[in-house]
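Below, chains carry the letters A, B, ... as their sequence lines are ordered, and counting in each starts from 1.
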2 protein chains.
Amino acid sequence: MATIYEVASMAGVSPATVSRVFNGQNVSADKARRVRKAAKALSFTPSRVARTLRMRSSQVIALVIPDIENPFFTSMARGVEDVAQAAGYSVVLCNSDEDHGKEARYLDIAVGADMAGVILAAAGDNSDVSGLIARNRPVVAVDRSPHGFDIDAVTVDNRAGGREATRALLDQGFTRIGCVTGPGDVETATERADGWRDAVRAAGAVDERYLRFADFRVDGGHKAMRELLDMPEPPDAVFVANNLMGVGALQVLSQRGAMPPAVGMAVFGDLPFAVMAPMAITVIPLPARHLGVTAAKLLLDRINGDDQPPRTVVLRNHAS
Amino acid sequence: MATIYEVASMAGVSPATVSRVFNGQNVSADKARRVRKAAKALSFTPSRVARTLRMRSSQVIALVIPDIENPFFTSMARGVEDVAQAAGYSVVLCNSDEDHGKEARYLDIAVGADMAGVILAAAGDNSDVSGLIARNRPVVAVDRSPHGFDIDAVTVDNRAGGREATRALLDQGFTRIGCVTGPGDVETATERADGWRDAVRAAGAVDERYLRFADFRVDGGHKAMRELLDMPEPPDAVFVANNLMGVGALQVLSQRGAMPPAVGMAVFGDLPFAVMAPMAITVIPLPARHLGVTAAKLLLDRINGDDQPPRTVVLRNHAS
DNA sequence: ACCATTCCAGAAATCGATTTCACCGTCAAC
DNA sequence: GTTGACGGTGAAATCGATTTCTGGAATGGT
């Protein structure tokens with residue numbers, strides 16, 4: 001509540017001097033001491049708001065993710081946080097809940113709050129970052145990237161991963177491979193499904209009835225898996241395009257007493273908090289933390305004035 | 001980037017009028033129309049920073065949690081978020097990482113950024129919220145509460161839960177019940193261990209060698225569980241005081257081929273993303289989302305000027 | 001002893017919104 | 001016809017920091 005002015009008058013100096021003390025500029029030792037003492041006495045905390053208004057930029061970066069309850073994204077958040085902290089930035093986490101409206105609102109806030117930059121795991125292909133770009137605020141897309149904008153991006157090779165996962169199932173001798181992927185307007189979902197198509201086609205014909213779009217959550221996995229199993233000729237194996245749907249699918253299989261390898265299963269992304277090493281399940285690991293770290297580094301570069309044309313970094317998901 | 005002044009001059013009115021248009025005050029229809037048109041043309045986004053500086057409060061609340069990778073806390077965050085959103089507030093999530101230094105930094109930021117209030121799941125008993133109190137900012141403690149401050153709090157009955165969990169193991173016929181709890185300076189950890197002591201004492205003598213303090217994470221569960229199993233006379237069952245350590249303990253048991261019910265197990269808090277209904281495991285469910293909802297409501301009350309003496313809400317964890 | 005740097009420090013402008021105050025019309029009441 | 005109330009509007013103060021500009025003091029080189 002105390003302001004720089006009160007500190008100044010208590011220390012018998014000008015506000016400018018108080019500011020200089022706190023920003024490590026040259027101030028005589030005597031005055032600096034008096035200022036610090038006064039600041040302590042008044043338990044002075046500088047107003048970041050005033051500072052931000054004047055400086056036109058805050059030491060905060062926004063990380064907008066579509067599902068805070070997904071360990072993949074929280075792990076990514078940790079990566080972002082560690083890099084940002086080390087560089088003196090704070091991270092605020094915004095949960096868009098896969099909702100374009102909420103996402104837009106958070107992006108507006110990021111602009112209005114003069115945040116230094118934004119790392120965005122977009123809710124869908126048509127997320128709109130034009131406001132950020134118009135105002136020249138650095139943005140980095142991570143995991144998924146909005147279409148139609150030429151911005152920095154960090155992704156993994158979704159198609160290759162989907163192909164590899166599906167091929168693993170074929171190699172295990174399964175013949176009717178289903179696919180449970182995410183929403184049709186999310187890049188990672190369609191790309192992973194494309195990988196599935198690639199692999200299946202290479203082994204024969206693609207049966208699109210075995211493809212299900214769900215919502216990238218546990219419940220989506222339930223629903224899609226049930227649908228597949230209830231088909232007249234159900235698949236004998238399934239490729240699931242993300243971790244949470246993988247959990248959902250496994251829960252359904254468990255209920256029906258058909259755990260892998262009775263039904264084949266490959267998952268894109270590590271299964272969260274798995275208790276038993278799921279030997280019968282093929283997992284394409286996803287470098288979640290590393291995605292965050294890389295995105296944060298890219299963003300910090302931009303914040304510090306890096307002006308190259310936008311880069312896209314594709315991380316290897318070292319298959320296992 | 002456009003300011004209220006540019007909008008004003010484009011619309012041929014004063015900045016005050018522009019402000020009034022956006023804040024729903026009385027302005028003639030004609031001018032209002034011109035202002036809106038100009039604002040659109042300039043793609044004007046009001047500066048929250050300037051607004052906050054002037055109003056001395058922002059529409060943002062901080063939620064400080066000790067571990068963003070723990071689904072219990074993210075679920076709590078969802079509860080907070082839903083309530084806050086509905087009331088027009090945004091939530092920024094701050095991960096203190098069980099570190100008092102980081103936590104203190106985030107609390108400072110909350111003050112300096114003039115946030116409307118803070119919901120704090122403290123990193124330990126001796127977290128310091130005096131800065132917030134001195135500046136009259138609403139704080140609500142959730143899950144854990146810092147000692148020595150008389151503030152609103154929302155908790156569960158940890159001791160009763162620990163007692164109940166342990167009793168369940170005794171009822172199942174186990175006789176040497178171990179306990180894996182969290183750090184000694186975290187209230188929820190010590191209280192749950194107290195519950196364990198209560199139950200064990202009621203059935204005989206408490207052997208403190210069966211009590212382990214770990215770090216509330218998966219690795220802590222590993223370490224503590226291994227130590228217990230490696231004792232000359234290992235426990236035949238174990239009460240684990242949180243969800244992640246429960247996962248860790250189960251992983252160790254799985255490795256050693258002693259899954260429940262070979263070794264008895266009770267866990268405080270729901271196991272995240274469990275694939276199979278763990279019938280052999282006693283789970284004390286934790287109303288994570290509800291904790292968040294309740295805390296957010298309390299905080300909003302305070303923000304809106306509620307001035308009663310601090311309340312402590314203890315939620316029932318409807319045992320199962 | 002003199003001039004040129006360099007260093008300190010204060011006054012005042014600035015960031016962009018909100019809000020008080022004062023003023024002007026208009027309209028209703030008496 | 002005067003008074004009072006009220007709605008609409010703009011000028012200017014305000015929030016609390018940073019920063020430019022300026023002047024004075026101190027330092028150093030010759």
Side-chain angles (χ1 to χ4, degrees), chain A residues 1-36 38-39 42-60 88 108-116 135-137, chain B residues 1-36 38-39 42-60 108-116 131 135-137:
Chain A
M1 199 60 191
T3 75
I4 207 175
Y5 296 95
E6 305 171 40
V7 174
S9 77
M10 183 172 198
V13 301
S14 76
T17 300
V18 177
S19 171
R20 287 191 262 255
V21 168
F22 283 99
N23 292 298
Q25 304 195 37
N26 280 335
V27 171
S28 72
D30 171 48
K31 292 202 167 145
R33 210 172 26 70
R34 283 184 359 234
V35 166
R36 276 184 222 290
L42 296 168
S43 68
F44 165 71
T45 304
S47 160
R48 286 169 188 266
V49 178
R51 171 177 230 272
T52 300
L53 177 59
R54 180 57 222 251
M55 313 253 278
R56 323 186 49 88
S57 168
S58 68
Q59 297 279 96
V60 173
D108 258 10
I109 290 181
V111 170
D114 280 320
M115 297 196 187
R135 288 169 186 79
N136 218 32
R137 295 234 184 281
Chain B
M1 197 64 190
T3 75
I4 206 174
Y5 296 95
E6 304 171 42
V7 174
S9 77
M10 184 172 200
V13 301
S14 75
T17 299
V18 177
S19 170
R20 287 191 262 256
V21 168
F22 283 99
N23 292 298
Q25 305 195 36
N26 279 335
V27 171
S28 72
D30 171 51
K31 293 202 165 145
R33 210 172 25 70
R34 281 180 6 231
V35 166
R36 278 184 221 289
L42 297 168
S43 69
F44 165 71
T45 304
S47 160
R48 285 167 189 267
V49 178
R51 171 179 232 273
T52 300
L53 177 59
R54 180 57 222 250
M55 311 253 280
R56 322 186 49 85
S57 168
S58 67
Q59 296 279 96
V60 173
D108 258 11
I109 290 181
V111 171
D114 281 319
M115 297 195 186
R135 289 170 186 77
N136 219 31
R137 292 232 189 282

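When the P atom of dT14(D) is taken as reference, atom OH of Tyr5(A) falls 11 Å away, rounded to whole Å. The interatomic distance linking Ile4(A) (CD1) with dA12(C) (P) rounds to 17 Å, in whole Å. Atom-to-atom, CD of Gln59(A) to C1' of dA17(D) comes out at 14 Å; the value is rounded to the nearest Å. In this structure, Gln25(A) atom CD and dT6(C) atom P are separated by 17 Å, rounded to whole Å. One atom, CG of Asn23(B), and another, P of dG16(C), lie 18 Å apart when rounded to the nearest Å. Rounded to a whole Å, the CZ atom of Arg135(A) is 13 Å from the P atom of dG16(C). One interatomic measurement links the two molecules: CG of Leu53(B) to P of dT14(C), which rounds to 17 Å at whole-angstrom precision. The interatomic distance linking Asp114(A) (CG) with dG16(C) (P) rounds to 8 Å, in whole Å.
When distances run from any side-chain atom of Arg20(A) to the nucleotides dT9(D), dG10(C), dA17(C), the shortest one goes to dG10(C). If you check dA12(C), dA11(D), dA17(D) against the side chain of Thr3(A), the one that comes closest is dA17(D). Side-chain atoms of Met55(A) lie closest to dT19(D) of the nucleotides dC8(C), dT19(D), dG10(C).
In this structure, the side chains of Val35(B) and Val27(B) stay at 4.5 Å or more apart for every pair of heavy atoms.
The residue Thr17(A) sits close only to the backbone: its heavy atoms come under 4.0 Å of sugar-phosphate atoms, none of a base. If you check every strand for non-hydrogen atoms under 4.0 Å, Val13(B) touches sugar and phosphate atoms only. Using a 4.0 Å heavy-atom cutoff across all strands shown, Phe22(B) reaches no nucleic acid atom at all. Looking at heavy-atom distances under 4.0 Å, Arg48(B) makes no contact with the nucleic acid at all. As judged by a 4.0 angstrom heavy-atom cut-off over every strand, Val27(A) is placed among residues touching the sugar-phosphate backbone only.
OP1 and OP2 of dT14(C) both lie 4.0 Å or more from every side-chain N or O belonging to Arg54(A). One finds no side-chain N or O of Lys31(A) lying less than 4.0 angstrom from the OP1 or OP2 phosphate oxygen of dC8(C). At dG7(D), none of the side-chain N or O atoms of Asn26(B) fall inside 4.0 Å of OP1 or OP2 (strictly under the cut-off). Residue Ser28(A) places no side-chain N or O under 4.0 Å from the OP1 or OP2 atom of dC7(C). Residue Ser47(B) places no side-chain N or O under 4.0 Å from the OP1 or OP2 atom of dG16(C).
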side-chain contact (heavy atoms from CB on, under 4.5 Å) evaluation trace for Asn23(A) with Arg51(A): CA-CA 12 Å; Asn23(A) 292 298; Arg51(A) 171 177 230 272; 3.2 Å; yes
Stepwise side-chain contact (heavy atoms from CB on, under 4.5 Å) check, Val111(B) with Arg48(A): CA-CA 9 Å; Val111(B) 171; Arg48(A) 286 169 188 266; over 6 Å; no
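Formation of a donor-acceptor pair under 3.5 Å by the Ser57(A) side chain with backbone atoms of Ala116(A) is not found in this model.
Between the side chain of Arg56(B) and the base of dG16(D), no donor-acceptor pair under 3.5 Å is found.
Heavy-atom minimum distance, Ser58(A) versus Thr52(A): CB-OG1, 3.5 Å. Counting all heavy atoms, side chain and backbone alike, Val49(B) lies closest to Leu53(A) at CG1-N, 3.5 Å.
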